[in-house]
Amino acid sequence: MKTTLLQSSDITGITFWLISMALLATTVFFFIERNSVKASWRTSVTLSGLVTGIAFVHYMYMREVWVSTGTSPTVFRYIDWLLTVPLLMVEFYFILSAVKKVSTGIFWRLLLGTLVMLIGGYLGEAGYMNINAGFIIGMAGWIFILYEVFSGEAGREAARLSGPAKDCFEFCKWIVTIGWSVYPLGYLFGYMTGSANEVTLNLVYNLADFINKILFGLVIYKTAASLTPAGAK
Ligand SMILES: *C/C=C(C)/C=C/C=C(C)/C=C/C1=C(C)CCCC1(C)C
């Protein structure tokens, strides 16, 4: 019997449900906990909550597209990315500014780089631009933001830090390098060469979002909490 709810054999569909509910729970958690951390870290925790909240709403729709059509919810994914990825990337600026005075140039470069990455990717994937050109523009945006957090001004500021804030920056840096590589690989194997099927592709994206959205936010929250002296706010 064909069901449009969820079949027990639909592992990818099950991961759509799992992450939807995990995103809801972490959103509630971040907004409840934000006032329990030191004031300088509250913006970072708020951003984490916005990321998981926006993703939760999109996942409700993506799940619906998946279980009822069995096809990739590409438009919803890109709308979600367009909002959540810049918010995730500017977290690097807020991690630094929670512990020291840094220039706003870092903020604008991180924002600009993510927009180039996503717009290039979308134009290529939605057929408005040559597939390879879209990929190259997207990759250029990603390399630009990776350069900023590794060797650019943000990376140099982080190198002068010590303690939990530095560990947090380092951890997040590897998430955007390794955790994020899943998406361009998906573009390459799922879309450009067509060698990965949609079941695997969506499964991998869903699991990656667990790390890249939920774990990323939790690490920032944990850092904020560990730098908040007991009994103080
Ligand atoms: C929560 C969602 C996240 C963290 C999504 C991240 C998406 C990317 C890092 C996408 C990157 C792309 C490239 C680097 C080149 C080709 C096109 C994209 C947009 C798939």
Side-chain angles (χ1 to χ4, degrees), residues 15-16 18-20 22-24 26-27 30 44 47-63 72-92 109-150 171-196 198 200-220:
T15 63
F16 270 106
L18 281 173
I19 184 154
S20 303
L23 285 166
L24 173 63
T26 31
T27 304
F30 288 141
S44 307
L47 288 177
S48 298
L50 291 176
V51 166
T52 53
I54 293 168
F56 165 67
V57 177
H58 284 111
Y59 260 92
M60 298 300 284
Y61 287 90
M62 294 203 281
R63 194 174 46 85
S72 296
T74 309
V75 189
F76 285 121
R77 277 214 198 270
Y78 269 94
I79 297 173
D80 175 72
W81 292 357
L82 195 60
L83 296 165
T84 58
V85 176
L87 291 174
L88 286 167
M89 207 60 214
V90 298
E91 289 274 28
F92 287 94
R109 284 193 295 278
L110 294 173
L111 190 66
L112 185 80
T114 48
L115 292 177
V116 169
M117 175 177 89
L118 296 169
I119 292 169
Y122 186 72
L123 294 179
E125 198 151 353
Y128 294 109
M129 185 190 261
N130 173 279
I131 306 177
N132 301 320
F135 186 71
I136 292 167
I137 295 172
M139 286 301 287
W142 188 37
I143 291 167
F144 178 76
I145 52 182
L146 287 180
Y147 175 81
E148 179 66 33
V149 294
F150 275 88
F171 183 85
C172 292
K173 194 169 95 175
W174 289 106
I175 285 200
V176 302
T177 312
I178 298 168
W180 285 22
S181 68
V182 160
Y183 312 97
L185 287 173
Y187 188 106
L188 192 64
F189 294 114
Y191 182 60
M192 287 167 87
T193 67
S195 51
E198 299 196 45
T200 316
L201 205 62
N202 282 284
L203 180 70
V204 173
Y205 279 166
N206 293 355
L207 297 178
D209 280 355
F210 245 103
I211 296 172
N212 300 332
K213 292 189 164 76
I214 296 179
L215 186 64
F216 191 96
L218 285 174
V219 166
I220 292 173

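Counting starts at 1 for both ligands and their atoms, following the listed order. Quick note: numbers below take in every heavy atom, side chains included, and nothing from hydrogens, waters or symmetry partners.
- What you find for Val219 and Phe171 is that their closest heavy atoms are CG2-CE2, 3.4 Å.
- Ranking the protein heavy atoms by distance from atom 4 (C) of ligand 1 puts Trp180 NE1, 3.4 Å first.
- Between Tyr183 and Trp81, the ring center distance clears the sub-6.0 Å criterion.
- In terms of protein heavy atoms, atom 3 (C) of ligand 1 is closest to Val85 CG2, 3.5 Å.
- Among protein heavy atoms, the minimum distance from atom 13 (C) of ligand 1 is reached at Pro184 CB, 3.8 Å.
- For the residue pair Arg63 and Asn206, no side-chain donor N or O sits within less than 3.5 Å of a side-chain acceptor on the partner.
- In this structure the side chain of Thr84 never reaches within 4.5 angstrom of the side chain of Thr52, judged on heavy atoms.
- Paired with Trp174 under the rule ring pair (Phe, Tyr, Trp, His ring centres under 6.0 Å), one option of Phe150, Trp180, Phe216 passes, and it is Phe150.
- If you look at Glu125 next to ligand 1, there are no close heavy atoms at all, none under 4.0 Å.
- Residues Ile137 and Met129 meet the side-chain proximity criterion, which asks for heavy atoms closer than 4.5 Å.
- Against a heavy-atom cut-off of under 4.0 Å, Asp209 is close to the following atoms of ligand 1: 1 (C), 2 (C).
- The atoms of ligand 1 that sit less than 4.0 Å from any heavy atom of Lys213 are 1 (C), 2 (C), 3 (C).
- The distance from ligand 1 to the heavy atoms of Gly138 drops below 4.0 Å at these ligand atoms: 14 (C), 15 (C).
- In terms of protein heavy atoms, atom 10 (C) of ligand 1 is closest to Tyr183 CB, 3.6 Å.
- Shortest contact from atom 9 (C) of ligand 1 to any protein heavy atom: Met117 CE, 3.4 Å.
- Considering each of Trp142, Tyr78, Phe135, the one bringing a non-hydrogen atom nearest atom 18 (C) of ligand 1 is Tyr78.
- At distances below 3.5 Å, at least one donor-acceptor pair connects side-chain atoms of Tyr191 with backbone N or O atoms of Gly124.
- Nearest protein neighbour of atom 17 (C) of ligand 1, counting heavy atoms only, is Gly121 CA, 3.6 Å.
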